[in-house]
Amino acid sequence: QVQLLESGGGLVQAGDSLRLSCAASGRTFSSYTMGWFRQAPGKEREFVAACDWNGRCTYYADSVKGRFTISRDDAKNTVYLQMNSLKPEDTAVYYCAARHGSYRYGATAYDYWGQGTQVTVSS
């Protein structure tokens, strides 16, 4: 069982930056692929970025590539999402998710989810 707790959301202006954190419980954090997803009102939950269990943090949605950076610190059981050059269309609830084993793209492949943190970007 893995429990996830996100933090760091808030209200910012377009062009600003935010850093989200996701703290995970459990002793086997390093064996999990960690992902960030987001869901805007009236839209489906979508993939944002992921780090696989081998530490490869190279998986990004096209819409955030070059602006967002995902990283993980296995010693702290924490995954981060640094968001730069934020746009109004980045407004959503951001969720941290975990799955045991290798990287997968779809939300249904992830077994554990945090409660979400709201990010609002004003124009």
Side-chain angles (χ1 to χ4, degrees):
Q1 188 77 11
V2 176
Q3 293 184 326
L4 305 172
L5 182 63
E6 303 100 333
S7 61
L11 171 63
V12 296
Q13 294 186 330
D16 286 350
S17 298
L18 274 178
R19 188 195 196 201
L20 305 183
S21 299
C22 172
S25 65
R27 295 176 294 176
T28 58
F29 177 78
S30 60
S31 67
Y32 286 82
T33 287
M34 301 299 299
W36 285 97
F37 292 77
R38 66 186 182 186
Q39 188 166 18
K43 295 188 176 181
E44 292 188 354
R45 191 168 298 190
E46 65 173 3
F47 171 80
V48 175
C51 287
D52 71 14
W53 66 281
N54 275 324
R56 281 187 293 263
C57 298
T58 57
Y59 309 98
Y60 293 94
D62 287 344
S63 59
V64 307
K65 207 172 288 185
R67 298 188 298 123
F68 290 11
T69 303
I70 187 173
S71 60
R72 64 187 295 164
D73 185 338
D74 289 351
K76 295 182 178 180
N77 281 13
T78 302
V79 62
Y80 304 97
L81 185 68
Q82 177 66 44
M83 305 185 294
N84 298 330
S85 303
L86 282 161
K87 304 175 181 180
E89 51 264 43
D90 294 319
T91 295
V93 177
Y94 283 71
Y95 296 91
C96 175
R99 70 178 307 277
H100 191 265
S102 59
Y103 163 75
R104 293 290 185 274
Y105 175 81
T108 56
Y110 289 75
D111 303 306
Y112 304 101
W113 292 84
Q115 84 291 345
T117 185
Q118 177 71 46
V119 172
T120 303
V121 185
S122 63
S123 57

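All values below come from the heavy atoms of this structure, side chains included, with hydrogens, waters and symmetry mates left out. Worth saying up front: this structure is predicted, and the values here are computed from it rather than measured.
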message: Y112 vs Q1, test: side chain to side chain contact (heavy atoms under 4.5 Å, CB included). Steps then yes/no.
response: CA-CA 8 Å; Y112 304 101; Q1 188 77 11; 3.9 Å; yes
- request: Begin with the C-alpha distance, continue with both residues' side-chain angles, and end with the deciding distance and a verdict on side chain to side chain contact (heavy atoms under 4.5 Å, CB included) for F68 and L86.
  value: CA-CA 9 Å; F68 290 11; L86 282 161; 3.8 Å; yes
Would you say [Y] ends up clustered with [X] if hydrophobic residues are merged whenever their side chains have heavy atoms under 4.5 Å apart, either directly or through other cluster members?
X: V12; Y: W36; answer: yes
X: V64; Y: Y94; answer: yes
X: Y80; Y: I70; answer: no
X: Y95; Y: L20; answer: no
X: V119; Y: W113; answer: no

Stepwise side chain to side chain contact (heavy atoms under 4.5 Å, CB included) test for D90 and R38: CA-CA 9 Å; D90 294 319; R38 66 186 182 186; 2.9 Å; yes
Distance in Å, [X] [atom1] paired with [Y] [atom2], rounded so as to fall on 0.5 Å steps:
X: K87; Y: S123; atom1: NZ; atom2: OG; value: 14.0 Å
X: N77; Y: L5; atom1: CG; atom2: CG; value: 13.0 Å
X: L81; Y: M34; atom1: CG; atom2: CE; value: 12.0 Å
X: D74; Y: K76; atom1: CG; atom2: NZ; value: 12.0 Å
X: S17; Y: Q82; atom1: OG; atom2: CD; value: 5.5 Å

task: Kindly check if the number of other-residue, nucleotide or ligand heavy atoms within 6.0 Å of NZ (K43) is above 12?
output: no
message: Counting only heavy atoms not in Q3 (residues, nucleotides, ligands), do more than 12 fall under 6.0 Å from its CD?
response: no
Could you pull out every donor-acceptor pair under 3.5 Å between side chains of residues 48-57 and any protein atom, sequence neighbours left out?
residue	atom	partner	partner atom	Å
D52	OD1	N54	N	2.9
D52	OD1	G55	N	3.1
D52	OD1	R56	N	2.9
D52	OD2	R56	NE	2.9
D52	OD2	R56	NH2	3.1
D52	OD2	Y59	OH	3.2

Considering non-hydrogen atoms only, spot the tightest contact between [X] and [Y] and give its length.
X: A24; Y: L4; result: CB-CD2, 3.5 Å
X: A61; Y: F47; result: CB-O, 3.4 Å
X: T91; Y: A40; result: O-CB, 3.7 Å
X: D73; Y: F29; result: O-CE2, 4.2 Å

query: Would R99 and Y110 count as having a side-chain donor-acceptor pair, cut-off 3.5 Å?
result: no
field: Test item: side-chain donor near acceptor, S102 and R104, under 3.5 Å
entry: yes
Under 3.5 Å, is there a donor-acceptor pair between the side chain of [X] and the main chain of [Y]?
X: S85; Y: R67; value: no
X: T78; Y: A23; value: no
X: E6; Y: C96; value: yes
X: Q39; Y: A92; value: no

query: Between K65 and D62, is there a side-chain N and carboxylate O pair less than 4.0 Å apart?
result: yes
task: Would you please test V121 and D16 for side chain to side chain contact (heavy atoms under 4.5 Å, CB included) and show each step?
output: CA-CA 8 Å; V121 185; D16 286 350; over 6 Å; no
query: Cation over ring, R72 on Y32, under 6.0 Å and within 45°?
result: no
